Amino acid sequence: MNSDLKQASSEKFRRLEAGCRASGLSLTHQRRALLHCLAQRSDHPTADQLYDELKSDVGGLSRTTVYRILDTFVRVGLVSKISSPQAKARFDADMGRHHHIVCEQCGKVADLFDSDFNLRGLPENNSSGFTVHNYEITFNGLCPLCQKIGKENES
Ligand SMILES: [Zn+2]
Ligand SMILES: [Zn+2]
């Protein structure tokens with residue numbers, strides 16, 4: 001990891017820690033470990049991926065605990081949950097408005113920052129009868145690696 005990235009992720013970690021305290025959550029060893037992991041990764045890991053990364057370092061951590069802690073983070077608004085109907089939920093510690101793009105080939109999820117796609121508001125009175133809390137836009141496409149593999153297979 002280069003030093004810029006390292007600095008960005010440690011700032012993110014401090015912001016998350018502060019957010020945790022501000023929400024009245026005690027910073028347990030396990031919560032800190034998860035926040036640290038989320039601050040470092042920008043690949044929108046699933047709960048299972050986070051568990052796999054942490055299980056050897058964090059004593060007594062179970063898969064259930066990881067799920068429970070993530071749910072708590074989502075509930076207090078520290079982390080957002082990106083859910084797609086076919087896939088496992090992924091978690092994102094970047095709460096600024098942004099969108100996602102999913103690779104149709106390998107399933108990689110990347111951030112897509114383009115404020116042109118931000119809605120000005122939510123559809124308050126809509127025919128579904130739902131109250132609307134939030135939205136997310138997910139684009140599909142091919143990631144750079146899969147584009148490269150596709151080109152190599154053509155030639
Ligand atoms: Zn791909
Ligand atoms: Zn994201």
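Just so it is clear, the values below take in all heavy atoms, side chains as well, and ignore hydrogens, waters and symmetry mates. Remember, it's 1-based here, ligands and their atoms both numbered in the order they're listed. In this text, all values refer to a predicted model and were calculated from it rather than measured experimentally.
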**OP:** State whether Phe13 and Arg32 meet the cation-pi test: NZ (Lys) or CZ (Arg) under 6.0 Å from the six-membered ring centroid, and within 45° of the perpendicular axis.
**Re:** no
**OP:** For the atoms SG of Cys103 and SG of Cys106, give the angle they form at the Zn ion (ligand 1), rounded to 10 degrees.
**Re:** 110°
Subject >> Geometry at the Zn ion (ligand 2) - Asp92 OD2 versus His100 NE2 angle, rounded to 10 degrees >> reply: 100°
**OP:** Indicate yes or no: does Asp48 engage Arg63 in a salt bridge with an N to O separation below 4.0 Å.
**Re:** yes
**OP:** With the side chain counted from C-beta on, respond yes when Asn134 and Arg97 share a heavy-atom pair under 4.5 Å apart, and no when they do not.
**Re:** yes
Original post:
Of all the N, O or S atoms in Asp111, which one sits nearest to the Zn ion (ligand 2)?
Top reply: OD1
Original post:
Would Asn118 and His99 count as having a side-chain donor-acceptor pair, cut-off 3.5 Å?
Top reply: yes
Original post:
With the Zn ion (ligand 1) at the center, what angle do SG from Cys146 and SG from Cys143 span, rounded to 10 degrees?
Top reply: 100°
**OP:** Specify whether an N/O/S atom of His44 falls short of 2.8 Å from the Zn ion (ligand 2).
**Re:** yes
Subject >> His98-Asp114 side chain donor-acceptor pair, cut-off 3.5 Å >> reply: no
